[in-house]
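To start, the structure itself, in structure tokens.
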Amino acid sequence: PAPPALLPYVPCVPPGALLGKVTATTFALERPRCIFDRHADASDAVWLVVAFANASDTFRNPPSRADVPLYEGLSTTLSYMTLETAVATYACSTPSSAVLRVGGDTTCGCQGGQDPCNGPLTSPGPYRVKFLVMGCHGPVAETSWSDPILLQK
Amino acid sequence: MAKSDDGIHILQGLLVFGNVVIGMCGIALTAECIFFVSDPHGLYYLLKDTENDDIYAAAWIGIFVGFALLALSILGIIGVIKSNRTLLLVYIILMLITYAFEMASCITAATQRDFLTPNLFLKQMLERYNESETDNNDKWMTDGVTKTWNNLMLQNHCCGVRGPSDWQKYTSTFRINHSDADYPWPHNCCVMDARGKPVNLDGCKLGVSGYYNSNGCYDAISGPMNTHAWGVAWFGFAILCWTFCVLLGTMFYWSRVEY
């Protein structure tokens with residue numbers, strides 16, 4: 001299968017004055033808009049890959065949805081994927097909503113199921129993130145890695 | 001002789017006038033101190049908890065000193081008009097005792113103000129504030145400090161001592177009991193609607209301006225406290241200055257009165 005297309009978008013923490021954009025267990029990201037429309041079908045899903053900054057180079061895109069590393073395994077795999085959303089949410093036509101919040105879901109992680117969990121981060125990091133578009137046959141497109149994001153101690 | 005008679009009459013007039021002013025100031029002092037003791041801003045608990053509540057003791061003394069000044073001024077007026085040495089002697093002695101008490105109250109109020117720093121309240125807030133999630137059943141167990149802070153934050157639209165970042169920068173009892181993801185700062189820091197619920201909880205957690213209170217509560221605490229301390233201290237010192245002059249005049253008058 002062809003390697004995923006590299007999109008020239010760098011995820012980043014929103015530059016505006018948001019006091020809670022980086023806390024001890026969460027951080028916010030600017031919501032990408034108009035980035036994925038050219039490369040993705042309507043049935044694809046956009047995932048957010050979160051990895052420790054020193055493990056981002058060794059991260060390999062999972063070949064299918066079943067191989068996606070989950071939040072619960074962060075301490076062993078040093079990376080996980082979360083925030084699985086339809087491509088349409090990031091389309092050009094949608095009104096640009098504020099931000100994405102990583103780590104804001106405190107209710108997940110207990111069921112231990114296969115659902116992607118957006119739980120709070122237990123270590124201050126630093127982390128790097130990228131967006132990965134997954135289709136039926138595997139990764140379709142990806143963005144560049146972000147700069148390292150360090151959480152509050 | 002006519003001239004020294006005139007002088008005595010003038011002195012009598014001045015002393016009566018001085019005592020009338022003392023009487024009125026006594027009433028004013030009592031009223032002012034009652035106002036402060038009634039704690040209209042609900043801050044007493046914060047001070048009592050840090051054992052820095054001496055400005056309230058100073059206000060209590062002020063209440064009684066005010067009454068004493070009123071009573072003594074009446075005694076003084078009677079003593080001066082009747083030229084009675086005994087009455088004047090009693091007046092001087094009691095006035096000196098009242099003077100000492102008022103001096104103590106003023107000095108206490110003036111110096112205690114220096115203890116009220118942001119760090120004092122910050123330390124207390126971080127150690128004691130613990131917003132309880134259980135709604136109404138355990139309210140009687142909620143710490144007085146927590147209740148005071150909740151009232152402060154809701155009524156003054158403020159958060160923390162210097163700002164909501166206090167909850168992020170420092171460890172606290174609140175942080176131990178509430179996850180950072182759900183409560184980067186207490187929910188009472190959020191802008192509330194008419195029902196007492198946050199208008200936009202997600203916006204509040206992210207720190208979007210307009211959905212959370214971004215300024216600190218220190219001004220809301222120190223403002224009333226300073227007014228309280230300065231009011232008791234400086235009005236008291238002003239009364240003491242006036243009373244000193246009247247006392248001197250009364251002692252001089254007492255020495256001139258014949259048996």
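Just so it is clear: chains get the letters A, B, ... in the order the sequence lines come, proteins before strands, and each one is counted from 1.
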Tell me which of these, A:Ala24, A:Pro14, A:Ala28, has more heavy-atom pairs under 4.5 Å with chain B than the rest. A:Ala24
Heavy-atom neighbours of B:Phe237 CZ exceed 12 at 6.0 Å: yes
Hey, what donor-acceptor pairs show up under 3.5 Å between chain A and chain B?
| unit_1 | atom_1 | unit_2 | atom_2 | d |
| --- | --- | --- | --- | --- |
| A:Gly20 | N | B:Leu206 | O | 2.7 |
| A:Thr23 | OG1 | B:Asp180 | OD2 | 2.7 |
| A:Ala24 | N | B:Asp180 | OD2 | 3.2 |
| A:Thr25 | N | B:Asp180 | OD2 | 2.9 |
| A:Thr25 | OG1 | B:Asp180 | OD2 | 2.7 |
| A:Thr25 | OG1 | B:Ala181 | N | 3.3 |
| A:Arg101 | NH1 | B:Ala181 | O | 3.2 |
| A:Arg101 | NH2 | B:Ala181 | O | 3.1 |
| A:Thr106 | OG1 | B:Asp182 | OD1 | 3.3 |
| A:Thr106 | OG1 | B:Asp182 | OD2 | 2.6 |

Please give me the minimum heavy-atom distance between A:Gly103 and B:Ala181, naming the atom from each residue. O-CB, 3.3 Å
Should we count CZ of B:Phe64 as having more than 12 external heavy atoms under 6.0 Å? no
